[in-house]
Novice: 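The structure under discussion is supplied below as structure tokens; questions concerning it will follow.
Since the structure is predicted, the reported quantities are computational estimates derived from the model, not experimental observations. What you see below is based on every heavy atom in this structure, not just the backbone, and it leaves out hydrogens, waters and symmetry mates.
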Amino acid sequence: LSNDLVNSITKDRHENLWFGTMEGVSCYHGKALNHFSSDQGLPKDLFICIGEDTSGSIWLGTSANGLIQYDGKDFTNYTTHQGLASNRIGALWPDSRGNLWIGTLGGGLCFFDGTRFSSFTTQQGLPDNDIYTLAKDANDNLWIGTVNGVSCFDGKEFKNFTTQQGLPQNMVVSIAQDTKGNMWFGT
């Protein structure tokens, strides 16, 4: 691996395993590990989260250098200069329509349609602008875990849940839906 401290693991459509580490990204192809670091054009940074979009691009969220797209050949870096709300990425969720949802630390929620970024913050109804996890449910709602509770976004508005609605703690760091449709939150 690029480093022994692994922050994120994901499996792509070809069954390759991707590891986001403290010093780069590694990909296990079943026989060998390929390492990607500053030598291949990546910034020196912590790689916090990894996702794959519908076109097969791998997306990397960093702790200070924004979002990076790997198309299988080249790395493209997206930062606040291209419209990203914050260069500190906490979570990624590539949706089934080819869009990318990005949870940032300090900049709220970003939506990338492949050409431009849109942002949602506490001004639009998020409980907090520090986002640690994202997940879609079976009804295509986006669930957003923050330091001040969890939010459900139906594409139009945010519905927020905190300890006042039954969460054991407000900081939500993981989200999953079970086969019965129940939402589970790691706090």
Side-chain angles (χ1 to χ4, degrees), residues 6-20 27-28 47-61 67-71 78 84-86 88-105 107-187:
V6 176
N7 296 312
S8 180
I9 303 171
T10 197
K11 182 169 59 172
D12 69 19
R13 67 184 66 204
H14 303 293
E15 304 292 317
N16 300 316
L17 292 175
W18 291 84
F19 302 88
C27 179
Y28 179 65
F47 290 85
I48 304 299
C49 46
I50 304 174
E52 179 186 21
D53 68 19
T54 56
S55 71
S57 285
I58 300 297
W59 291 87
L60 311 168
L67 187 64
I68 299 164
Q69 179 186 20
Y70 179 61
D71 64 6
Y78 297 91
L84 191 60
S86 169
R88 299 182 321 135
I89 309 301
L92 297 173
W93 190 271
D95 72 20
S96 61
R97 293 184 282 283
N99 303 307
L100 186 65
W101 294 91
I102 306 113
T104 72
L105 300 175
L109 178 68
C110 288
F111 173 80
F112 185 58
D113 65 5
T115 56
R116 70 181 187 87
F117 290 95
S118 303
S119 297
F120 305 90
T121 66
T122 53
Q123 292 180 345
Q124 287 79 34
L126 276 174
D128 199 276
N129 289 330
D130 286 342
I131 297 172
Y132 292 98
T133 187
L134 298 170
K136 284 262 186 156
D137 67 19
N139 296 319
D140 209 33
N141 296 310
L142 182 68
W143 290 84
I144 304 144
T146 77
V147 296
N148 280 328
V150 67
S151 188
C152 179
F153 183 57
D154 64 5
K156 296 178 184 168
E157 64 183 357
F158 296 93
K159 184 173 182 182
N160 300 324
F161 303 91
T162 65
T163 53
Q164 293 178 351
Q165 288 78 33
L167 284 176
Q169 293 183 38
N170 281 333
M171 187 168 185
V172 176
V173 295
S174 59
I175 302 172
Q177 185 176 37
D178 66 23
T179 57
K180 295 180 182 178
N182 299 307
M183 297 304 298
W184 292 82
F185 308 106
T187 59

Novice: Taking the side chain as every heavy atom from C-beta outward, state whether T146 and V172 have any atom pair closer than 4.5 Å.
Specialist: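 No, every pair of side-chain atoms sits at 4.5 Å or beyond.
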
Novice: Could you list all the side chain to side chain donor-acceptor pair (under 3.5 Å) pairs where at least one residue sits in residues 165-176, not counting sequence neighbours?
Specialist: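 Qualifying pairs, neighbours excluded: T162-Q165.
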
Novice: Got Y28 and F19 here, is their nearest side-chain heavy-atom distance under 4.5 Å?
Specialist: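 The answer is yes, as the side chains (C-beta and beyond) meet within the 4.5 Å cut-off.
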
Novice: Step by step, would you call F112 with W101 a side chain to side chain contact (heavy atoms under 4.5 Å, CB included)?
Specialist: CA-CA 6 Å; F112 185 58; W101 294 91; over 6 Å; no

Novice: With rounding to the nearest 0.5 Å, note down the distance linking CH2 in W18 to CG in L60.
Specialist: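 It is 7.5 Å, given to the nearest 0.5 Å.
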
Novice: I want to check something: taking the side chain as every heavy atom from C-beta on, are I102 and I89 in contact at a cut-off of under 4.5 Å?
Specialist: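 Yes. Closest side-chain heavy atoms under 4.5 Å.
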
Novice: How far apart are the closest heavy atoms of P127 and S151, and which atoms are they?
Specialist: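 Closest approach of P127 to S151: CD-CB, 3.6 Å.
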
Novice: Do the side chain of R88 and the main chain of T104 share a donor and acceptor less than 3.5 angstrom apart?
Specialist: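 Looks like no, no N/O pair under 3.5 Å.
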
Novice: Does a side chain donor of either D71 or S57 reach within less than 3.5 Å of an acceptor in the other side chain?
Specialist: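 The answer is no; no qualifying pair exists.
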
Novice: May I ask you to test the W59-I50 pair for a side-chain heavy-atom distance under 4.5 Å?
Specialist: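 In short, these two side chains do not touch, never coming nearer than 4.5 Å.
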
Novice: I'd like to know if the side chain of S86 reaches the main chain of L105, judged simply by a donor and an acceptor atom lying under 3.5 Å from each other, with no hydrogens or angles considered.
Specialist: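 Side chain of S86 to backbone of L105: a pair is present.
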
Novice: Given 3.5 Å as the limit, does a donor-acceptor pair link the side chain of Q69 with the main chain of I58, or not?
Specialist: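 Side chain of Q69 to backbone of I58: no pair is present.
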
Novice: Using ring pair (Phe, Tyr, Trp, His ring centres under 6.0 Å), reason through F185 and F161 one step at a time and then give a plain yes or no.
Specialist: CA-CA 11 Å; F185 308 106; F161 303 91; 7.5 Å; no

Novice: Any donor and acceptor pair, going by atom type alone, linking the side chain of R13 with main-chain N or O of T54 inside 3.5 Å?
Specialist: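 Flag set: sc R13 to bb T54 pair under 3.5 Å.
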
Novice: When rounded to the nearest 0.5 angstrom, what distance separates CE in M171 from OG1 in T163?
Specialist: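 Those atoms lie 14.5 Å apart.
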
Novice: Do L92 and L134 come close enough that some side-chain heavy atom pair is under 4.5 Å?
Specialist: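 Not touching, per the 4.5 Å side-chain cut-off.
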
Novice: For the residue pair D53 and L100, establish whether any side-chain heavy-atom pair is separated by less than 4.5 Å.
Specialist: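 D53 does not reach L100 side chain to side chain.
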
Novice: Is the shortest side-chain heavy-atom distance between F111 and F153 below 4.5 Å?
Specialist: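 They are not in contact (no side-chain heavy atoms under 4.5 Å apart), so the answer is no.
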
Novice: Which distance, rounded to the nearest 0.5 Å, do you find between the CH2 of W143 and the CD1 of I175?
Specialist: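 Reported value, rounded in 0.5 Å steps: 8.0 Å.
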
Novice: Flag the pair V173 / T133 as yes when at least one side-chain heavy-atom distance between them is below 4.5 Å, and no otherwise.
Specialist: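 Result no, sub-4.5 Å side-chain heavy-atom pair not found.
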
Novice: Looking at CG of L84 and OG of S119, how far apart are the two atoms once the value is rounded to the nearest 0.5 Å?
Specialist: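 The distance works out to 7.5 Å.
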
Novice: Kindly give the heavy-atom pair with the smallest separation between G107 and A85, and that separation in Å.
Specialist: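 Of all heavy-atom pairs spanning G107 and A85, the closest is O-CB, 3.4 Å.
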
Novice: In chain order, what residues pass the salt bridge (Lys or Arg N to Asp or Glu O under 4.0 Å) check against R97, with sequence neighbours excluded?
Specialist: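 For R97 the salt bridge (Lys or Arg N to Asp or Glu O under 4.0 Å) partners, ignoring immediate neighbours, are D140.
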
Novice: Is the backbone of K136 close enough, under 3.5 Å, to the side chain of Q177 for a donor and an acceptor to pair up by distance?
Specialist: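 No; judged by distance alone, with no hydrogens or angles, the pair does not exist.
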
Novice: So which of N160, N148, T122 actually passes side chain to side chain donor-acceptor pair (under 3.5 Å) with D128?
Specialist: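 The residue from N160, N148, T122 that satisfies side chain to side chain donor-acceptor pair (under 3.5 Å) with D128 turns out to be N148.
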
Novice: Within this structure, what is the CG-CG distance for the pair L142 and L109, rounded to the nearest 0.5 Å?
Specialist: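 Going from the CG atom of L142 to the CG atom of L109 covers 6.0 Å.
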
Novice: Measuring from atom CG of D12 to atom SG of C27, what distance do you get when rounded to the nearest 0.5 angstrom?
Specialist: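 One finds 6.0 Å between CG of D12 and SG of C27.
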
